[in-house]
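Here's the structure we're looking at; comments come further down.
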Amino acid sequence: MQRANLDRTTDWSREGPRTLIVKDGAVWMWPGIPLAMEQSGVVQPLPRHWVRSWISALHGFEAQNTRLEPALIRASAHLTVGDEGKAQRALDLVKIERLSPEGAVLMRAVAEELGISPLEMAVGTRSLPWGVGNLGPQLALFRHFARAAAEFEKGDNPDQPRWPKGAPDSQGGEYAPANGGVGSADVAPETRRIGGPSLEDAREPPGIGHNGGPPLDDMPDIPEEEPAPKLVNALLKSLATWLVKRGVVALIPGVGEAAAIVQLGVWLYQYLPYLDAYIQSPQSLQDLQDAANDPQPGYQIHHIVEQTSARKEGYPNSDIEAPENVVRISTLKHWQISNWYSTPNTEFNGLSPRNYLRGKDWAEKVRIGRKALIDFGVLKP
Amino acid sequence: MSDLSPPDMTIKELVDHFAENGVAQDQALLYDEIEEFTRLYWQMDAINEELKSRGEEARLALLKLYGHPNMQVRLAAAVRTLAVAPVAARHELEAVKNSRHYPQAGDAASTLGSLAEGRFKPI
């Protein structure tokens, strides 16, 4: 029976609480999430959105300081040549010393769930936008690292197999033979494989890689700083299209695609309601009309018969603002439908729908207006 | 983009120019540039008229743009070929509609609806 060769120079709590540690030639984050791993003989940081997602989940956006990514690169370089000490010192310079308020709640929940110790770390005052109301989805993401977390908790080599708890002959928790051996046949193969998540797991951000979603390669480019309004609008449209193509039906701040988007551009957090509104399923006319009395971020009031054209043609305000003519729809969809009304269309012999409708009766305006809502995925057919 | 006017272009050049304009239209929609979109629409219309004047085979050249990476190009090519390749063009419009890539999916759905109702008769 072979004992693991422990390297106790690295520990979550040595010389004060650490969230980033070096172990077994890789960089890990509490409780056992890989942030840099060996690939083809070279240690490399995992994708930026992966790193940012996990760091901000516990430590808030303020932890995404300018030192983090360079430190990961330097640590990776030291690990590539086998110098774990220098790698750890590079990570320690990042000085992630606080949990966000939500991160502290999450850490306690993760620790309790996984049966491990939380870090004794100060709690900051700035909040992370995922909010404690979304603790459940966050906790579910951390569960994927239960095995690695358990090994870190013991301070042992994560690669060394152990007997599972409850194994026969009081062997639970003891090391299993590295290459099988006496008793190993009694243990199911999946319970004998103990260790951290695979690199394949790590290539996806939390919430995406574990739900069978495609990779994020086709995500529109997101600038770190908020650009001019015109570019913001264009980016929101592109992101909305990307989300629909991925089959996303809801955005939970801090989880999955929402996390990936905000990690790349924190400024986009304020616009998540616009994206969430855009990806909602079509609704009944009654629901859209009822919602008009309930203004929400990400939505605008839309007139089925366009108000400006109707006024120009002398229709009374009582018709234009009548409850049956007013609906609440996604702001981004509103923009798209407005553009459709404004642009020449072969279907209308080169006229824009707005010009086609000029002088038409109210019923035809309603027909086109409702059809547009159906065609753009807002109203149920 | 070619400096030639449509009558001076080969069929291949016309098709390429049509596709370039379609991509530019997509950008115009993205940035809410309605005037630019409209200008490009009439340029594409002129290209289509030139292809029409060269016979059915020339008109069918736009079928090459079915499946183009840009959804606006696919939409424009499908709409402009409905009269000469109705089955294939409707199939392409269905694909654009089902992609849920808006606004093109909405435009395709609108065109298909009007075709089904007999309100739109392509020429």
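What you see is a predicted model; the values in this text were computed from it and never measured.
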So what's closer than 4.5 Å to chain B heavy atoms on T346(A): side chain, backbone, both or neither? both
Using only non-hydrogen atoms and a strict under-4.5 angstrom cutoff, which residues of residues 44-80 of chain B touch chain A? V79(B), R80(B)
Heavy atoms only: give me the nearest G350(A)-Y41(B) pair and the separation to one decimal. CA-OH, 3.5 Å
Side chain K237(A), main chain L29(B), donor-acceptor under 3.5 Å: yes
Go through the atoms of E36(B) and report whether side chain, backbone, both or neither lie under 4.5 Å from a heavy atom of chain A. neither
Can you tell me which portion of K230(A) sits under 4.5 Å from chain B's heavy atoms? Options are side chain, backbone, both or neither. both
Distance-only side-chain donor-acceptor flag, D32(B) / N233(A), under 3.5 Å: no
Check: K245(A) side chain, H101(B) main-chain N or O, donor-acceptor pair, under 3.5 Å: no
Tightest non-hydrogen contact, residues A234(A) and L30(B), listed as O-CD1, 3.5 Å
Between F376(A) and D107(B) the two heavy atoms that sit nearest each other are CZ-N, 4.2 Å
Could you walk me through whether E347(A) and K121(B) pass the salt bridge (charged side-chain N to carboxylate O under 4.0 Å, His left out) check? CA-CA 8 Å; E347(A) 178 189 337; K121(B) 297 189 182 347; over 6 Å; no
Side-chain contact, heavy-atom cut-off 4.5 Å: Y278(A) with Y102(B)? yes
